[in-house]
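First comes the structure, then the notes that go with it.
Along the sequence shown, residues are numbered consecutively beginning with 1.
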Amino acid sequence: MSELQQHTPIALIGAGPIGLETAIQMNRSGLEYLHFEKGQVAATIMAYPPGTIYFSSPERIAIAGIPIPNVSQTKATKEQYIAYLRSVAEAFDLQIRNYEPVENIRQTDTGGFLLQTTTACGTRTHTYTSDKVILAIGDMAFPRRLEIPGEQLSHVSHTLVEPHTYFRKKVLIVGGKNSAAEAALRCFRAGADVALSYRGDRLNDRSIKYWIYPELQGLIKRGKIESYFNSKPVAITPDTIQLQTTGHEAETFSVEADFVLLLTGFQPDQKLFRQLGVKLEGPERAPVYNADTMETNVPGVYVAGTALAGEQKKYRLFIENCHIHAQRITHALLGKEPPPADNPWDLPEN
């Protein structure tokens with residue numbers, strides 16, 4: 001069932017932290033828009049393991065100049081940050097069309113855009129037209145799959161949901177960056193028999209939270225966590241995982257595992273970029289954009305947040321160095337000069 005077409009000057013897609021910050025900037029500037037989100041506010045953050053602690057300090061991930069309450073004077077947890085984002089959305093009375101994914105979008109003959117959305121259950125289709133489109137859709141829509149036999153088995157997961165699941169069970173974790181390192185440490189503390197497989201010859205302290213790296217290294221050196229460096233998974237069975245060495249003479253061997261966590265990163269959903277004709281360039285398929293205005297090669301289409309990094313395998317864009325995008329887009333929509341380069345929102349990368 002479809003409904004009559006509705007027009008909005010601006011369609012903002014995505015309600016993560018930078019999507020919310022962009023909405024707030026437009027509210028403050030008197031710009032009219034509709035805001036769409038395929039799930040709940042901060043849906044990507046909701047998928048983090050419980051109790052996840054942010055790498056960045058609270059002031060660097062706060063949005064719109066609203067401080068994050070910090071009773072313990074420490075870094076924020078996932079749960080604290082979601083509650084903070086929820087309170088900010090309430091404080092600014094942001095009108096977000098949750099659970100209304102934009103399924104199709106295209107340019108019209110008149111220079112605007114036509115959007116089709118569906119309700120969460122997919123029983124109703126809505127149609128909108130807009131003059132401008134802002135894509136704040138993030139870069140972590142899907143896990144990066146290895147496409148190996150057995151990856152679909154029920155004891156295999158691409159995310160850590162609850163460490164207690166692995167109490168007194170053998171769990172093999174694939175990956176060597178922060179998610180894998182944190183999962184290894186947390187599962188070990190939950191009483192699991194943990195092993196770690198990584199294609200590199202060692203863990204890199206620049207890719208792992210500084211308070212996790214030394215503890216994990218210590219457990220590996222003492223043999224509390226088994227490590228298989230210079231290895232990659234090639235197949236998974238109900239009770240083993242087949243690993244292959246990454247040297248010149250590859251050898252395959254089996255490791256017993258009750259559970260397998262393939263924590264090898266995520267990739268973006270770039271469907272909307274492709275539908276709009278936005279150019280995606282380079283090995284990471286990053287959208288082409290103007291750094292002053294955040295406008296892509298398609299006039300009237302803007303990108304904000306980590307979505308502009310494409311399939312970033314080495315993370316360079318985070319919440320903290322994307323705040324300026326909201327101001328750049330708002331200035332562009334108002335026909336104003338870009339904000340100054342030394343704007344306080346333009347924080348450096350870690």
In Å and rounded to the nearest 0.5 Å, what is the NE2 to CD distance from H325 to Q25? 13.0 Å
With rounding to the nearest 0.5 Å, note down the distance linking CG in L196 to CD in E226. 10.0 Å
Quick one, T77 and E79 - any side-chain contact, counting heavy atoms below 4.5 Å? yes
What one should report as the nearest heavy-atom pair of P50 and E162 is CG-OE1, 3.8 Å
Under 4.5 Å between side-chain heavy atoms, counting indirect links through other Ile/Leu/Val/Met/Phe/Trp/Tyr residues: same cluster for V234 and L262 or not? no
Using only atom types and a distance under 3.5 Å, with no angle test, would you say the side chain of T245 pairs donor to acceptor with the backbone of E251? yes
What donor-acceptor contacts under 3.5 angstrom involve side-chain atoms of residues 147-157, with partners at least two apart or in another chain?
from: E151; atom 1: OE1; to: L146; atom 2: N; distance (Å): 3.3
from: E151; atom 1: OE1; to: E147; atom 2: N; distance (Å): 2.7
from: E151; atom 1: OE1; to: I148; atom 2: N; distance (Å): 3.4
from: E151; atom 1: OE2; to: L146; atom 2: N; distance (Å): 2.9
from: E151; atom 1: OE2; to: H158; atom 2: NE2; distance (Å): 2.7
from: H155; atom 1: NE2; to: T237; atom 2: O; distance (Å): 3.3
from: S157; atom 1: OG; to: T159; atom 2: N; distance (Å): 3.1
from: S157; atom 1: OG; to: T159; atom 2: O; distance (Å): 2.7

For residues F167 and V171: do they belong to one hydrophobic cluster (side chain heavy atoms under 4.5 Å, members Ile, Leu, Val, Met, Phe, Trp, Tyr)? no
In the structure I gave you, are the side-chain heavy atoms of I68 and I61 within less than 4.5 Å of one another anywhere? yes
Find out whether I105 and L276 are in side-chain contact, i.e. whether some heavy atom of one side chain is under 4.5 Å from a heavy atom of the other. yes
Answer yes or no: does atom NZ of K169 have more than 12 heavy-atom neighbours from other residues, nucleotides or ligands under 6.0 Å? no
In terms of hydrophobic clustering (I, L, V, M, F, W, Y; side-chain heavy atoms under 4.5 Å; direct or indirect links), are V161 and M46 co-clustered? no
Ionic contact status for E37 with R97, cut-off 4.0 Å: no
Do V174 and T264 come within less than 4.5 Å of each other through their side chains, counting heavy atoms only? yes
Applying ring-ring contact (aromatic ring centres under 6.0 Å, His included) to F36 and Y128, what does each step give before you reach the verdict? CA-CA 11 Å; F36 302 94; Y128 303 87; 4.9 Å; yes
Mind checking whether E311 and Q270 have side chains closer than 4.5 Å, heavy atoms only? yes
Measuring from Q73:CD to S57:OG, what's the distance to the nearest 0.5 Å? 13.5 Å
Give the table of side-chain donor-acceptor pairs shorter than 3.5 Å for residues 130-142, with sequence neighbours excluded, one pair per line with atom names and distance.
from: S130; atom 1: OG; to: K132; atom 2: O; distance (Å): 3.1
from: D131; atom 1: OD2; to: H7; atom 2: NE2; distance (Å): 3.4
from: D139; atom 1: OD1; to: T306; atom 2: OG1; distance (Å): 3.1
from: D139; atom 1: OD2; to: Q312; atom 2: NE2; distance (Å): 2.8

Considering only distance and modelled atom types, tabulate donor-acceptor pairs under 3.5 Å from the side chains of residues 290-304, sequence neighbours left out.
from: N290; atom 1: OD1; to: D292; atom 2: N; distance (Å): 2.8
from: N290; atom 1: OD1; to: T293; atom 2: N; distance (Å): 3.4
from: T293; atom 1: OG1; to: E295; atom 2: N; distance (Å): 3.2
from: E295; atom 1: OE2; to: G300; atom 2: N; distance (Å): 2.6
from: T296; atom 1: OG1; to: V298; atom 2: N; distance (Å): 3.2
from: T296; atom 1: OG1; to: V298; atom 2: O; distance (Å): 3.4
from: T296; atom 1: OG1; to: V301; atom 2: O; distance (Å): 3.0
from: N297; atom 1: OD1; to: K279; atom 2: N; distance (Å): 2.8
from: N297; atom 1: ND2; to: G277; atom 2: O; distance (Å): 3.4

Evaluate the criterion side chain to side chain contact (heavy atoms under 4.5 Å, CB included) for residue pair L85 and I45; output intermediate values, then yes/no. CA-CA 11 Å; L85 293 176; I45 299 169; 4.0 Å; yes
Determine, for D193 against K170, whether the closest basic-nitrogen to carboxylate-oxygen distance falls under 4.0 angstrom. yes
Nearest-0.5 Å distance that lies between atom CD in E182 and atom CD1 in I212: 4.0 Å
Report, one line per pair, each donor and acceptor closer than 3.5 Å where one atom sits in a side chain of residues 86-93; sequence neighbours left out.
from: S87; atom 1: OG; to: Y84; atom 2: O; distance (Å): 2.6
from: D93; atom 1: OD1; to: Q95; atom 2: NE2; distance (Å): 2.9

Search all heavy atoms of L115 against all heavy atoms of A11 and return the closest pair with its distance. CD2-CB, 3.7 Å
Point-to-point distance, once rounded to the nearest 0.5 Å, from CG of N204 to CG of N178: 11.5 Å
Please find the pair of heavy atoms, one from A257 and one from L172, that lie closest to each other, and give the distance. CB-CB, 4.2 Å
Between T108 and G112, is there a donor-acceptor pair closer than 3.5 Å when you use the side chain of the first and the backbone of the second? yes
Salt-bridge contact K271-E103 (side-chain N to carboxylate O under 4.0 Å): yes
Hphob cluster co-occupancy, I236 + L160, side-chain heavy atoms under 4.5 angstrom: no
Atom pair CD/CD1 of Q217 and I225 - distance to nearest 0.5 Å: 10.5 Å
Side chain T125, main chain T118, donor-acceptor under 3.5 Å: no
Classify the side-chain pair Q242/S254 by whether it contains a donor and acceptor separated by less than 3.5 Å. yes
Under the criterion side chain to side chain donor-acceptor pair (under 3.5 Å), which of N27, T8, T22 is the partner of Y33? N27
R189: which residues meet the salt bridge (Lys or Arg N to Asp or Glu O under 4.0 Å) condition with it, sequence neighbours left out? E215
For residues E100 and T117, is any side-chain donor paired with an opposing acceptor at under 3.5 Å? yes
Just do the side chain to side chain contact (heavy atoms under 4.5 Å, CB included) check on V255 and L243 with the steps written out, would you? CA-CA 7 Å; V255 177; L243 299 179; 3.9 Å; yes
Could you report the tightest heavy-atom contact between A326 and T330, atom names first, then the distance? O-OG1, 2.8 Å
Does a side-chain heavy-atom distance below 4.5 Å link V194 with L185? no
Closest heavy-atom pair, L317 versus A309, reported as atoms and distance to 0.1 Å, is CD1-CB, 3.6 Å
Quick one: which residue pairs count as a ring pair (Phe, Tyr, Trp, His ring centres under 6.0 Å) with a foot in residues 248-272, not counting sequence neighbours? Y166-F259, Y228-F253
Is it the case that E21 and H323 place a side-chain donor and acceptor less than 3.5 Å from each other? yes
If you define the side chain from C-beta out and look only at heavy atoms, does anything of S197 sit under 4.5 Å from K232? no
Sub-4.5 Å side-chain heavy-atom contact between Q327 and P339: yes
What verdict does the side chain to side chain contact (heavy atoms under 4.5 Å, CB included) test give for Q40 and Y99, after you've listed the backbone C-alpha separation in whole Å, the side-chain angles of each residue and the deciding distance to 0.1 Å? CA-CA 6 Å; Q40 185 51 273; Y99 302 104; 3.3 Å; yes
So, N70 side chain and T74 main chain: donor-acceptor pair closer than 3.5 Å or not? yes
Of all heavy-atom pairs between A183 and I173, which one has the smallest distance, and what is that distance? C-CD1, 3.7 Å
For R199, does the CZ atom sit with more than 12 other heavy atoms under 6.0 Å from it, leaving out its own atoms? no
For a side chain to side chain contact (heavy atoms under 4.5 Å, CB included) check, start with the C-alpha distance between R186 and T52, then their side-chain angles and the critical distance, and finish with the verdict. CA-CA 10 Å; R186 296 185 66 178; T52 294; 4.0 Å; yes
Test your reading of the model: is there a side-chain donor-acceptor pair from H35 to the backbone of G14, 3.5 Å cut-off? yes
